[in-house]
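Every heavy atom of this structure was used, including side-chain atoms; hydrogens, water molecules and symmetry mates were not. Letters go in sequence order (proteins before strands), and every chain restarts at 1.
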Protein chains: 2
Amino acid sequence: MLDDRKAAILRAVVSEYIETAQPVGSQHVARQPGLAVSPATVRNEMAVLERDGYLVQPHTSAGRIPTDKGYRFFVDHLSAPGPLDPAKRQQVRDFFKAAHGEIERMLADTSRLLANVTDYAAVVVGPPHEAAHIRSVQLVGLAPKVALVVAVLSNGVVEKRTLELTEEAGEERLAAVGRHVSAHLVGRTLAEPGTPPSSGDDATDALVSQALSSLIEHEVESDSVFVGGASRMARAFDAVDTVRGILGILEEQFVVVGLLQDVLDRGLSVAIGAEHGLEPLSECAVVVAPYEVEGERAGTIGVLGPTRMNYPEAMAAVAVVSQRLGRHLSEG
Amino acid sequence: MLDDRKAAILRAVVSEYIETAQPVGSQHVARQPGLAVSPATVRNEMAVLERDGYLVQPHTSAGRIPTDKGYRFFVDHLSAPGPLDPAKRQQVRDFFKAAHGEIERMLADTSRLLANVTDYAAVVVGPPHEAAHIRSVQLVGLAPKVALVVAVLSNGVVEKRTLELTEEAGEERLAAVGRHVSAHLVGRTLAEPGTPPSSGDDATDALVSQALSSLIEHEVESDSVFVGGASRMARAFDAVDTVRGILGILEEQFVVVGLLQDVLDRGLSVAIGAEHGLEPLSECAVVVAPYEVEGERAGTIGVLGPTRMNYPEAMAAVAVVSQRLGRHLSEG
DNA sequence: GTTAGCACTCGGTAGAATCGAGTGCCAGGA
DNA sequence: TCCTGGCACTCGATTCTACCGAGTGCTAAC
């Protein structure tokens, strides 16, 4: 553990580096109000902090930069979560006051909001589809031998699957199958669909089971993910290769979901640099928070920025948005 | 118009510049087989080409670079559309052989395919929702005073809207309204919904018209757009500001749709640099093609790359993918 | 009309000089 | 024992110079 003065010095270095992106020297730190200490003393302390892995020098005769460990200590012990800037707070409030419409658009807009507020890339993961209760199932013919299974979930999500039929089926038959599946499935979840009772008609039963299995398979990968403001990563780094790597990751939805999930699973709200395993994101930090709908954990939102991101602000923004998003969705 | 030799020189400059991204000098051009001419002659010709606006020199004593006008002449007169590289052709074939599932995922995957094949960013615009025939409409209750209108279109698209009800409505009433709307709307399009006949029940009629208006409004902006491989733009440019501008554009879906639409409307299949009005894309070119489903123009695909992109290959890829996508969607 | 020859331009690279922010260490003082 | 002023030292960044060479435009001869 760090004594008070070392902690204060570390905080000063991190804060200043976050602002300026330049290595921080002992003079700057010593100027910090509240630290009545000479640069020489600061230097000694910084040497210790470096030995202990909280800081590094890009090269001799340069100032210090925080390591991942340094950032970690900063977010864990030195940064008050703090309230969000009032103007931004208002921006969030206004957004949710005006927000309406169906859930996917809502979530996509939320990711853009979060990106605007924080000025980093933002991710919103929708509620897992398996958990929601099924409200209705319907079969609709699209072509002679193609039908669409449409399932409406209680959270407003609509799942659909195309069905390749082995033989033509008229509207009536599809409707009948739909009613049959619906009667069985309504109130259940996609995760536990159970086995529907036989209808006494082999052809119908075959279609029913086909529709059912189409609905429940491929479930995992279909969690909805929305990435907003990815272009902001181009501002955060000036190495074009770094940017490309990061954008590449953000394009792979299931990687992004996995990343957020993984961070949450480890009980963290912030993952810094190498803490999340993704190599291209080694210069990035993620701030995440779950949101709850009607008391149940429903999904996750997060912000992705450079490790030298403004953690207090990002954490505040993520907290506010996740809370308001949950409330908004709870109200329907 | 350019005489044969000037055209050949222009072609050589464009080809070489596309490959190397370096200004092309007279020696390189003269080495070109098929041009039995000395560097000095080439220099004279290049001076003329520069005077006429086809080439520029980044600075005195450098080679020449094509202007937008130069690229334009190249794609209009000098580049054979040419067949796609066999391996890539196969890649496209394999993709569509394996492809299945519902339409949005299909389109999103197609955008990734096109990005992979061309190594540029790719855009796929789905069929306009207004044009498709309605196959089914249904109302599903989500909360006491919230209902979801779900409309299934003939092309497999599902439109949904949340409805804020002024008073509670039971399942039976919602179902009745759904049947009423459905009976009226099936076979029509969202663009021409007509006016449903009165059901003789005021409360039902109110809900019907509410459902109807929710479906037809906000129509324009809901065309589905899928952008794939945006991260590849980071490879094409090394100015990080340029990259950011381009990514910013790609994040605004309706701008992208407008861009492609605009290019098509002007009867072009390629738009270069300033030809499309978007300032951040002044260093980019777009190659577009419509695709047809069952003989009808259904949507658009496109590729976005630097102006020094490989036009023949991009055009070939876009042509092949649009054609196969149309065929695939026609077959259902 | 084409080409060889030539003087000229100018971006890019390499090397030297300089600057200055920052360091580590030491010795003196509270 | 801990802090601090002083000092020599480091080394990236910046500036300047020299130089190279790819490329040009022009002219005169073929």
Side-chain angles (χ1 to χ4, degrees), chain A residues 2-67 70 238-239 308, chain B residues 1-10 12-67 70 238-239 308:
Chain A
L2 301 179
D3 62 52
D4 285 356
R5 198 170 61 189
K6 287 198 186 59
I9 290 174
L10 179 56
R11 163 192 274 135
V13 172
V14 173
S15 302
E16 176 128 357
Y17 186 67
I18 284 173
E19 238 181 83
T20 65
Q22 298 294 327
V24 182
S26 54
Q27 297 206 39
H28 288 259
V29 175
R31 262 201 287 280
Q32 194 82 12
L35 256 191
V37 134
S38 78
T41 308
V42 174
R43 278 203 290 281
N44 288 330
E45 296 286 48
M46 293 211 296
V48 177
L49 285 169
E50 177 162 9
R51 196 161 39 247
D52 292 352
Y54 294 96
L55 298 176
V56 276
Q57 275 180 293
H59 48 265
T60 339
S61 90
R64 257 80 173 199
I65 283 180
T67 61
D238 39 32
R308 75 175 130 72
Chain B
M1 193 76 314
L2 301 179
D3 61 54
D4 284 358
R5 196 170 64 188
K6 287 198 186 59
I9 290 174
L10 179 56
V13 172
V14 172
S15 302
E16 177 126 358
Y17 186 66
I18 283 174
E19 238 181 82
T20 65
Q22 299 294 326
V24 183
S26 53
Q27 296 206 41
H28 288 261
V29 175
R31 262 203 286 280
Q32 193 82 11
L35 256 193
V37 133
S38 78
T41 307
V42 173
R43 276 204 291 282
N44 288 330
E45 296 287 48
M46 292 211 297
V48 176
L49 284 169
E50 178 163 8
R51 197 159 41 246
D52 293 351
Y54 294 96
L55 299 175
V56 276
Q57 275 180 295
H59 48 266
T60 339
S61 92
R64 256 82 173 198
I65 284 181
T67 61
D238 39 32
R308 75 175 131 71

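Rounded to whole angstrom, the span from the CG atom of B/Leu55 across to the C1' atom of D/dG25 amounts to 16 Å. The CG atom of B/Leu49 sits 12 Å away from the P atom of D/dG25 (whole-angstrom rounding). Residue A/Asn44 contributes atom CG, which lies 14 Å from atom C1' of D/dG6 at whole-angstrom precision. Atom-to-atom, CZ of B/Arg64 to C1' of D/dG23 comes out at 9 Å; the value is rounded to the nearest Å. Here the P atom of nucleotide D/dG23 and the CE atom of B/Met46 are 9 Å apart, to the nearest Å.
The two residues A/Tyr17 and A/Gln22 have their closest heavy-atom pair at CD1-O, 3.0 Å. Between A/Pro23 and A/Pro58, the shortest heavy-atom distance links the atoms CG-CG, 3.9 Å. A pairwise comparison of heavy atoms in A/Thr60 and A/Gln57 identifies CA-NE2, 4.1 Å as the closest pair. The nearest pair of heavy atoms linking A/Leu10 to A/Gly70 is CD2-O, 4.0 Å. Contact between B/Met46 and B/Val24 at its shortest, heavy atoms only, is CE-O, 4.4 Å.
Contact between the side-chain N/O atoms of A/Arg5 and the OP1/OP2 oxygens of D/dC3 is found at a separation under 4.0 Å. Taking only side-chain nitrogens and oxygens, B/Thr41 comes nearer than 4.0 Å to OP1 or OP2 of C/dT3.
A heavy atom lying under 4.0 Å from DNA chain D marks the following residues of residues 7-38 of chain A, by number: A/Val37, A/Ser38.
Counting non-hydrogen atoms of neighbouring residues, nucleotides and ligands closer than 6.0 angstrom, the CG atom of A/Asp4 reaches no more than 12 such neighbours.
Within the 4.5 Å cutoff, no side-chain heavy atoms of B/Gln32 are placed close to those of B/Ile9.
A/Thr67 contributes a side-chain N or O that, together with a main-chain N or O of A/Gly53, makes up a donor-acceptor pair within less than 3.5 Å. Using a distance-only test at 3.5 Å, with no hydrogens or angles considered, no donor-acceptor pair links the side chain of B/Asp52 to the main chain of B/Tyr54.
As judged by a 4.0 angstrom heavy-atom cut-off over every strand, B/Ala62 is placed among residues touching the sugar-phosphate backbone only.
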(request) Summarise protein proximity over nucleotides 7-20 of chain D in one line of letters, 5' to 3': B for base, S for sugar-phosphate only, - for none, counting protein heavy atoms closer than 4.0 Å. (result) ---BBS--------
